[in-house]
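All values reported here derive from a predicted model rather than from experimental measurement. Counting convention: from 1, in listed order, for ligands and their atoms alike.
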Amino acid sequence: MVMNRNDQCWCKSELKYKKCHMEFDEKLNEFKKQGIEVPSKNMIKNQEQIEKIRESGKINIAALDLVGKQIKAGITTEDINQIIHEYTIAQGAIPAPLDFCGYPKSVCTSINNEVCHGIPSKDVVLKDGDIVNVDVSTIYNGYFSDSSRMFMIGTVSDEAKKLVEVTKECLMKGIEAVKPWGRLGDIGAAIQEHAEKNGYSVVRSFGGHGIGLEFHEEPFVCHYGKRNQGMVLAPGMIFTIEPMINQGNYELHIDKENGWTAYTNDGLLSAQYEQMILVTEDGIEILAK
Ligand code: MF3
Ligand code: CO
């Protein structure tokens with residue numbers, strides 16, 4: 001589709017193309033000419049969409065904060081599910097995991113050797129020394145948000161604490177690597193470098209994802225990789241960075257019974273943090289913090 005300067009912009013901002021994404025398109029074309037992959041138009045959010053996604057993110061993060069206040073040894077992962085479910089509904093929002101591809105609960109709770117997609121259960125009681133990831137995804141007015149955090153229950157071993165800390169640092173290093181007109185591979189490279197320097201491995205079969213209008217959008221965000229490779233990062237893109245870092249190797253398997261929960265093959269610990277990142281003209285914004 002050829003756009004003229006005075007046409008309304010394709011991003012539905014209702015601004016004229018020349019005042020909105022004309023320069024943006026010219027810049028992307030320069031990359032394209034060099035054979036570099038560029039984001040498609042449906043990966044670029046306009047101001048109105050960004051604001052709606054930000055609103056969704058506020059509820060998402062408040063739900064996680066609430067879990068932070070209540071989580072302790074002796075409660076069950078089903079208790080966490082109820083905290084998230086009830087809070088989300090009370091805000092007029094919807095827990096995105098519930099019924100997503102048949103997922104049975106409103107949140108994922110992954111303990112110790114569980115890599116991700118742990119399913120809450122009244123039979124799973126949190127105990128002293130556990131490390132648990134709580135992964136919350138929210139739909140508000142049709143807009144999606146997604147973040148997760150680790151919680152350490154009571155006194156955890158030095159090894160577990162170190163894994164959790166390094167995983168958080170991996171997320172932060174991944175976020176710092178995001179630059180407008182930088183590359184997707186910069187993110188994975190920064191994460192992989194930090195994880196491996198600490199003797200850990202980066203999970204390969206799951207990654208981050210575009211988010212906002214859908215739960216999982218393009219692009220797929222690899223948490224390992226090489227600098228200066230992959231898609232160009234352009235203002236208006238929103239995606240998650242959610243590294244899963246393993247104490248041992250990155251091999252995993254999926255629970256045969258529930259079809260969801262991923263476990264480390266070696267039975268060692270795994271940790272994960274997740275945030276949503278907006279690429280802006282001059283940097284980034286964490287949309288749910
Ligand atoms: N929250 C996960 C993510 O970060 C997706 C979970 S899908 C579910 O992408 F169905 F398990 F909830
Ligand atoms: Co996610």
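The S137 neighbourhood of ligand 1 comprises atoms 1 (N), with distances under 4.0 Å to a heavy atom of that residue. Shown in contact with E274 at under 4.0 Å from a heavy atom are these atoms of ligand 1, numbered in order with element: 4 (O). Close approach of ligand 1 to W260 is summarised as follows: ligand atoms under 4.0 Å from at least one heavy atom of the residue are 8 (C), 10 (F), 11 (F). Ligand-side atoms of ligand 1 in range of C108: 11 (F), 12 (F), range being under 4.0 angstrom from any heavy atom.
Of all protein heavy atoms, the one closest to atom 9 (O) of ligand 1 is H216 NE2, 2.8 Å. For atom 12 (F) of ligand 1, the closest non-hydrogen atom of the protein is P97 CB, 3.1 Å. Looking at atom 4 (O) of ligand 1, its nearest protein heavy atom turns out to be E242 OE1, 2.7 Å. The single protein non-hydrogen atom nearest to atom 3 (C) of ligand 1 is D146 OD2, 3.3 Å, given as residue, atom name and distance.
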- prompt: What do the steps show when you test N133 against S148 for side-chain hydrogen bond (donor to acceptor under 3.5 Å, both in side chains), and what is the final call?
  reply: CA-CA 7 Å; N133 174 274; S148 84; 3.0 Å; yes
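The line from CD1 of I44 to SG of C11 is 9.5 Å long, rounded to the nearest 0.5 Å.
Of all non-hydrogen atoms in K32 and V38, the two that sit nearest each other are CE-CG2, 3.8 Å.
Polar contact check, H117 against ligand 1: no nitrogen or oxygen pair lies under 3.5 Å apart. Taking any N or O of D135, backbone or side chain, at least one lies under 3.5 Å from an N or O belonging to ligand 1.
Side-chain N/O atoms of E30 and Q34 include no donor and acceptor closer than 3.5 Å.
Within the 4.0 Å heavy-atom cutoff, F215 counts among the residues contacting ligand 1.
Within a 6.0 Å radius of CD in E285, more than 12 heavy atoms belonging to other residues, nucleotides or ligands are found. Enclosure of atom CG in D158 is not indicated, since only 12 or fewer non-hydrogen atoms of other residues, nucleotides or ligands lie within 6.0 angstrom.
Close placement of the F100 and H216 rings is indicated, their centers lying within 6.0 Å of each other.
When the Co ion (ligand 2) is compared with the N/O/S atoms of H209, atom NE2 turns out nearest.
Backbone or side-chain N, O or S atoms of H216 do not reach the Co ion (ligand 2) at under 2.8 Å. Under 2.8 Å from the Co ion (ligand 2) lies no N/O/S atom of D135, from backbone or side chain alike.
Under the 4.0 Å criterion applied to side-chain N and carboxylate O atoms, E169 and K197 are not assigned as salt-bridge partners.
Using cut-offs of 30° and 60° for the angle between ring planes, the W260 and Y103 rings count as perpendicular.
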